[in-house]
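To keep things clear, I will list the structure first and then write my remarks on it.
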There are 2 protein chains.
Amino acid sequence: MAINFPIIKKTKQSNISAKNRGMNLETIINESNEYYLNNNKAIIHKKPTPVQIVHVDYPSRNKAVITEAYYKTPSTTDYNGIYKGRYIDFEAKENNNKTLFPLKNVHDHQIHHLKQITDHGGIGFLIIYWNAYNEFYLMEFSIFYKYYLDSINGGRQSILYQTFKNEAHLIKEGYLPRLNYLAVIDEKIL
Amino acid sequence: MAINFPIIKKTKQSNISAKNRGMNLETIINESNEYYLNNNKAIIHKKPTPVQIVHVDYPSRNKAVITEAYYKTPSTTDYNGIYKGRYIDFEAKENNNKTLFPLKNVHDHQIHHLKQITDHGGIGFLIIYWNAYNEFYLMEFSIFYKYYLDSINGGRQSILYQTFKNEAHLIKEGYLPRLNYLAVIDEKIL
């Protein structure tokens with residue numbers, strides 16, 4: 001099977017609900033980051049998708065065509081940058097489940113990375129989009145990590161929606177920026 | 001012409017001198033960063049090379065093979081992370097010229113990015129390897145930017161080796177880490 005490649009791999013099954021039709025979480029966050037950048041509020045970029053390049057053709061002098069490459073497992077999170085002089089770092093995930101967020105949706109080395117970042121004084125968190133409710137939550141890494149430790153000690157392998165309502169922060173949607181997650185950082189973390 | 005792809009594109013003409021034979025600048029920095037990470041001193045990663053993916057094959061259910069992709073111009077620097085609670089951000093370049101470093105070796109949007117980072121309180125710099133002398137210099141972005149502004153106002157389009165000796169910081173080479181550039185940050189910047 002050969003297909004053209006519409007959006008990045010991890011979101012190809014994205015199913016953003018009616019209000020956000022045509023958008024995926026990555027696009028929404030990238031647009032918000034672009035707004036922050038253009039308004040000199042924060043410098044936050046998505047890291048490129050890591051790719052293992054195996055073979056490259058040079059059909060003409062100045063043009064390189066990658067003809068064989070593979071997706072690599074990312075060793076860090078997707079987003080990092082600087083806000084009000086602080087290092088910030090986060091991972092974003094869509095969740096199609098109605099009642100729980102499976103912890104296996106976040107890679108172990110991403111969790112390890114966020115633990116290191118927060119230990120070194122950075123601001124680490126996750127943005128989780130709940131498709132069933134069209135809600136975006138910012139969960140501080142310290143909260144996420146508590147449930148992660150529970151899970152590796154034999155506890156629940158997921159975080160309940162109700163826990164997000166109680167212990168994470170709902171991010172308000174707006175026009176510009178679309179997803180003002182830095183407002184949550186201002187109100188709840190800094 | 002079709003070739004196998006040994007190292008990343010930008011360093012394929014790397015010509016690290018005898019003492020560092022078999023190493024390129026990226027490898028040396030990555031190893032140093034790994035040392036910092038393993039010793040819990042700093043969390044600094046190289047960003048993946050940005051690639052525009054055009055076509056992907058799925059020869060089997062769980063395997064994706066990228067069969068057409070192109071190098072994209074990076075919009076940020078190669079390295080960023082956190083050290084002693086501070087956001088740090090830098091670009092690394094090899095230089096084969098004996099007397100000067102051409103400013104065109106650094107992309108305009110990388111310069112713009114480093115300007116934004118330092119304006120927001122981050123630590124921004126460049127690491128330049130002078131192949132002719134087997135010397136690594138750390139140049140603070142503020143110094144680099146002074147020469148960059150000169151160049152766009154009709155001045156010299158390069159920075160002289162002598163200027164590196166006078167206004168940048170020689171990085172000592174060692175065993176672990178190979179290139180202890182954070183020691184320069186400690187001594188000269190923090």
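Everything quoted here is computed from the prediction, not taken from an experiment. Order of the sequence lines sets the chain letters (A, B, ...), proteins ahead of strands, with each chain counted from 1.
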### Message
I'd like to know which of I66(A), I117(A), V65(A) tops the heavy-atom pair count under 4.5 Å against chain B.
### Response
I66(A)
### Query
When heavy-atom pairs shorter than 4.5 Å are enumerated against chain A, which of G81(B), G121(B), S60(B), G85(B) gives the highest number?
G81(B)
### Query
Within a strict 4.5 Å, meaning less than it, do heavy atoms of the Y87(B) and D89(A) side chains meet?
no
#### Entry: Gap separating the CG atom of N80(A) from the OG1 atom of T76(B), nearest 0.5 angstrom
8.5 Å
### Query
With a 4.5 angstrom heavy-atom cut-off, which part of K63(A) approaches chain B: side chain, backbone, both or neither?
side chain
### Summary
Most heavy-atom pairs under 4.5 Å with chain B, out of N40(A), V51(A), I82(A), belong to I82(A)
### Summary
One should read off an interatomic distance between H120(A) NE2 and K41(B) NZ, to the nearest 0.5 angstrom, of 10.0 Å
### Query
What option among D119(B), I88(B), L37(B) has the most heavy-atom pairs under 4.5 Å with chain A?
L37(B)
### Query
If every non-hydrogen atom of A64(A) is compared with every non-hydrogen atom of Y70(B), which pair is closest and at what distance?
O-CD2, 3.6 Å
### Message
Using a 6.0 Å cut-off, check whether atom NZ of K146(B) has over 12 heavy atoms from anything other than its own residue.
### Response
yes
### Task
Flag yes if L100(A) and I128(A) sit in one hydrophobic cluster, no otherwise; membership is Ile, Leu, Val, Met, Phe, Trp, Tyr, and two members link when side-chain heavy atoms are under 4.5 Å apart.
no
### Message
For the interface with chain B, which of E68(A), Q116(A), K84(A), K72(A) has the highest count of heavy-atom pairs at distances below 4.5 Å?
### Response
Q116(A)
### Query
Would you find more than 12 non-hydrogen atoms of other residues, nucleotides or ligands less than 6.0 Å from H112(B) atom NE2?
no
### Query
In terms of heavy-atom proximity below 4.5 Å to chain B, should H45(A) be classed as side chain, backbone, both, or neither?
side chain
#### Entry: Within one Ile-Leu-Val-Met-Phe-Trp-Tyr cluster: L126(B) and L149(B), side-chain cutoff 4.5 Å
yes
### Query
Which pair of non-hydrogen atoms, one from P48(A) and one from P50(B), has the smallest distance, and what is that distance?
CB-CA, 3.8 Å
## Note on the structure
When rounded to the nearest 0.5 Å, the distance separating NE2 of H113(A) from CD1 of I43(B) is 7.5 Å
### Task
Examine whether an atom of T67(A) lies under 4.5 Å from a heavy atom of chain B, and if so say whether it belongs to the side chain, the backbone or both; otherwise answer neither.
both
